[in-house]
Novice: 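The structure's right below; bear with me while I get my questions together.
In what follows, chains carry the letters A, B, and so on, assigned in the order in which the sequence lines appear, proteins first and then strands, with residues in each chain numbered from 1.
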Number of protein chains: 2
Amino acid sequence: MSQAQSQRMASMCDSARSHVDDLLVLLSKSKMLSILYVMNCDPDPMRFSEIKKRVDSSSTTVARRLGELEAHGLVTRTAYATVPATVEYTLTRDAIALQPSLESMFEWVLNRADSSL
Amino acid sequence: MSQAQSQRMASMCDSARSHVDDLLVLLSKSKMLSILYVMNCDPDPMRFSEIKKRVDSSSTTVARRLGELEAHGLVTRTAYATVPATVEYTLTRDAIALQPSLESMFEWVLNRADSSL
DNA sequence: TTCTTTTGTAACAATGTTGTAACCTGTTTC
DNA sequence: GAAACAGGTTACAACATTGTTACAAAAGAA
């Protein structure tokens, strides 16, 4: 059987799996875990420029990621009519529920990074 | 997270940051979390074809991911001189230490996937 | 002899993703 | 009038990643 065929077989009629996959694809996008992590570290709403500075990426990518997070209901965006503009991002309850996992994952990452110095 | 760790985090020097980033880039590659998860679910060594079937991806991608995991010391590869070839992959102790985080992360993913049906 | 199996690798075209540079809004300051 | 600020958007070229196809090796079965 060809690779294409077995893939079609395996993924047929499995809508639940596709939702899981969607989330994993979302979480696997570049800087996504970093964004969630820096937002988790500080419970206060965070401004665009602050997030951008902390994850160290281009505006384009940060804006794309925040848009995707908002579309998935993981952050809320609040714009204030100040001059210049002020926009704050907050994690939703759903995203906050991910906090313990992220924290222990980052703990592991930091430990490994330490020991490989 | 411990105080020592968050201090390390806060005052992280560039070289440590790059190690952290390397790991995050690794974990963010496509199918990476899935591979770690399916291997975590079953403590026994797992064969290439079994991993491929469970994560539902092409041999090329699965081989690439397993190679990257091996290069980072997260899996060990054992080849047996059978015919046809038999190759088993096992998570290293380091990777097993990531198990609790991955488990609770997947729990969260499954809950969200469920509630969005 | 040829087919079958597992576990890959190599080349390559198609597709996806990224950063950069330019631009925009709207008000206040020079 | 022009610059400056935050928070983006758009277009696009450069770059990265993916799956597909073809191939290999080794030995037993048909």
Side-chain angles (χ1 to χ4, degrees), chain A residues 1-12 18 21-35 38-39 42 44-72 75-91, chain B residues 18 21-35 38-39 44-72 75-90:
Chain A
M1 188 187 285
S2 77
Q3 262 181 31
Q5 274 172 329
S6 50
Q7 265 174 245
R8 268 201 307 279
M9 294 287 283
S11 64
M12 228 178 342
S18 77
D21 283 351
D22 283 354
L23 276 173
L24 288 180
V25 166
L26 183 78
L27 293 179
S28 294
K29 281 171 183 283
S30 79
K31 304 292 176 177
M32 196 57 102
L33 293 174
S34 300
I35 290 176
V38 303
M39 293 186 70
D42 192 337
D44 299 325
M46 200 172 284
R47 300 181 59 178
F48 182 85
S49 51
E50 181 66 20
I51 295 170
K52 173 170 151 46
K53 196 179 68 192
R54 294 208 197 181
V55 305
D56 185 34
S57 193
S58 69
S59 330
T60 320
T61 294
V62 174
R64 281 194 274 242
R65 292 299 160 266
L66 288 172
E68 288 153 2
L69 286 171
E70 203 196 357
H72 278 77
V75 303
T76 45
R77 179 185 182 279
T78 316
Y80 299 98
T82 56
V83 169
T86 305
V87 180
E88 284 182 347
Y89 291 90
T90 324
L91 294 180
Chain B
S18 76
D21 283 351
D22 282 354
L23 276 172
L24 288 179
V25 165
L26 183 78
L27 293 179
S28 293
K29 280 171 184 284
S30 80
K31 305 291 176 178
M32 196 57 101
L33 294 174
S34 300
I35 289 177
V38 301
M39 292 186 71
D44 299 324
M46 201 172 283
R47 299 182 60 177
F48 181 85
S49 51
E50 181 66 20
I51 296 170
K52 172 170 150 45
K53 196 178 68 191
R54 295 205 197 183
V55 305
D56 186 33
S57 192
S58 69
S59 328
T60 319
T61 294
V62 174
R64 282 194 274 242
R65 292 299 160 267
L66 288 172
E68 289 153 2
L69 286 171
E70 202 195 356
H72 279 77
V75 303
T76 45
R77 178 184 182 279
T78 315
Y80 298 99
T82 56
V83 169
T86 306
V87 180
E88 285 183 346
Y89 291 91
T90 324

Novice: Could a donor-acceptor pair under 3.5 angstrom be found where the side chain of B:Thr60 meets the base of D:dT20?
Specialist: yes
Novice: Hey, does A:Lys31 have a side-chain heavy atom less than 4.5 Å from the side chain of B:Ser28?
Specialist: no
Novice: C:dT6, OP1 or OP2 - any side-chain N/O from B:Ser49 closer than 4.0 Å?
Specialist: no
Novice: For B:Lys29, answer base if it contacts any base atom (sugar-phosphate contacts may also be present), sugar-phosphate if it contacts only those atoms, and nothing otherwise; contact means non-hydrogen atoms under 4.0 Å.
Specialist: sugar-phosphate
Novice: On the nucleotide D:dT18, are OP1 or OP2 found under 4.0 Å from the side-chain N or O atoms that B:Arg65 carries?
Specialist: yes
Novice: Which whole-number value in Å describes the distance from B:Lys31 NZ to C:dG16 P?
Specialist: 14 Å
Novice: Rounding to a whole Å, what distance do you find between A:Glu70:CD and D:dG7:P?
Specialist: 15 Å
Novice: Calculate the interatomic distance between A:Glu68 atom CD and C:dT18 atom C1'; express it in whole Å.
Specialist: 13 Å
Novice: Considering heavy-atom distances to DNA chain C, does A:Ser30 or B:Arg77 have its closest nucleotide positioned more toward the 5' end?
Specialist: B:Arg77
Novice: Separation of A:Leu66 atom CG from D:dT9 atom C1', in whole Å?
Specialist: 14 Å
Novice: Send over the distance from B:Glu50 CD to C:dT6 C1', rounded to a whole Å.
Specialist: 13 Å
Novice: Does B:Tyr89 place a side-chain N or O at less than 4.0 Å from the phosphate oxygens OP1/OP2 of C:dG8?
Specialist: yes
Novice: In whole angstroms, how far is the P atom of C:dT7 from the NZ atom of B:Lys53?
Specialist: 11 Å
Novice: By the 4.0 Å heavy-atom rule, please label A:Arg47 as base, sugar-phosphate, or nothing.
Specialist: sugar-phosphate
Novice: If you check every side-chain atom of B:Val83, which of D:dG7, C:dG19, D:dA26 has the closest atom?
Specialist: D:dA26
Novice: Considering only D:dT9, C:dG8, D:dG7, which nucleotide approaches the side chain of A:Ala63 most closely?
Specialist: D:dT9
Novice: Between atom CZ in A:Arg64 and atom P in C:dT17, what is the gap in whole Å?
Specialist: 9 Å
Novice: Considering every strand and a 4.0 Å limit on heavy-atom distances, what is the contact class for A:Tyr80: base, sugar-phosphate, or nothing?
Specialist: nothing
Novice: Checking all strands, does A:Thr82 fall into the base, sugar-phosphate, or nothing category for heavy-atom contacts under 4.0 angstrom?
Specialist: nothing
Novice: Distance check, rounded to the nearest 0.5 Å: B:Thr61 atom OG1 versus B:Ile35 atom CD1?
Specialist: 8.5 Å
Novice: List the steps and the verdict of side chain to side chain contact (heavy atoms under 4.5 Å, CB included) for B:Leu69 and B:Met32.
Specialist: CA-CA 9 Å; B:Leu69 286 171; B:Met32 196 57 101; 3.6 Å; yes
Novice: Within this structure, what is the OG-CG distance for the pair A:Ser34 and B:Asp21, rounded to the nearest 0.5 Å?
Specialist: 6.0 Å
Novice: Using side chain to side chain contact (heavy atoms under 4.5 Å, CB included), reason through A:Ile51 and A:Met39 one step at a time and then give a plain yes or no.
Specialist: CA-CA 8 Å; A:Ile51 295 170; A:Met39 293 186 70; 4.1 Å; yes
Novice: Rounded to whole Å, please give me the gap between NZ in B:Lys52 and C1' in D:dT20.
Specialist: 12 Å
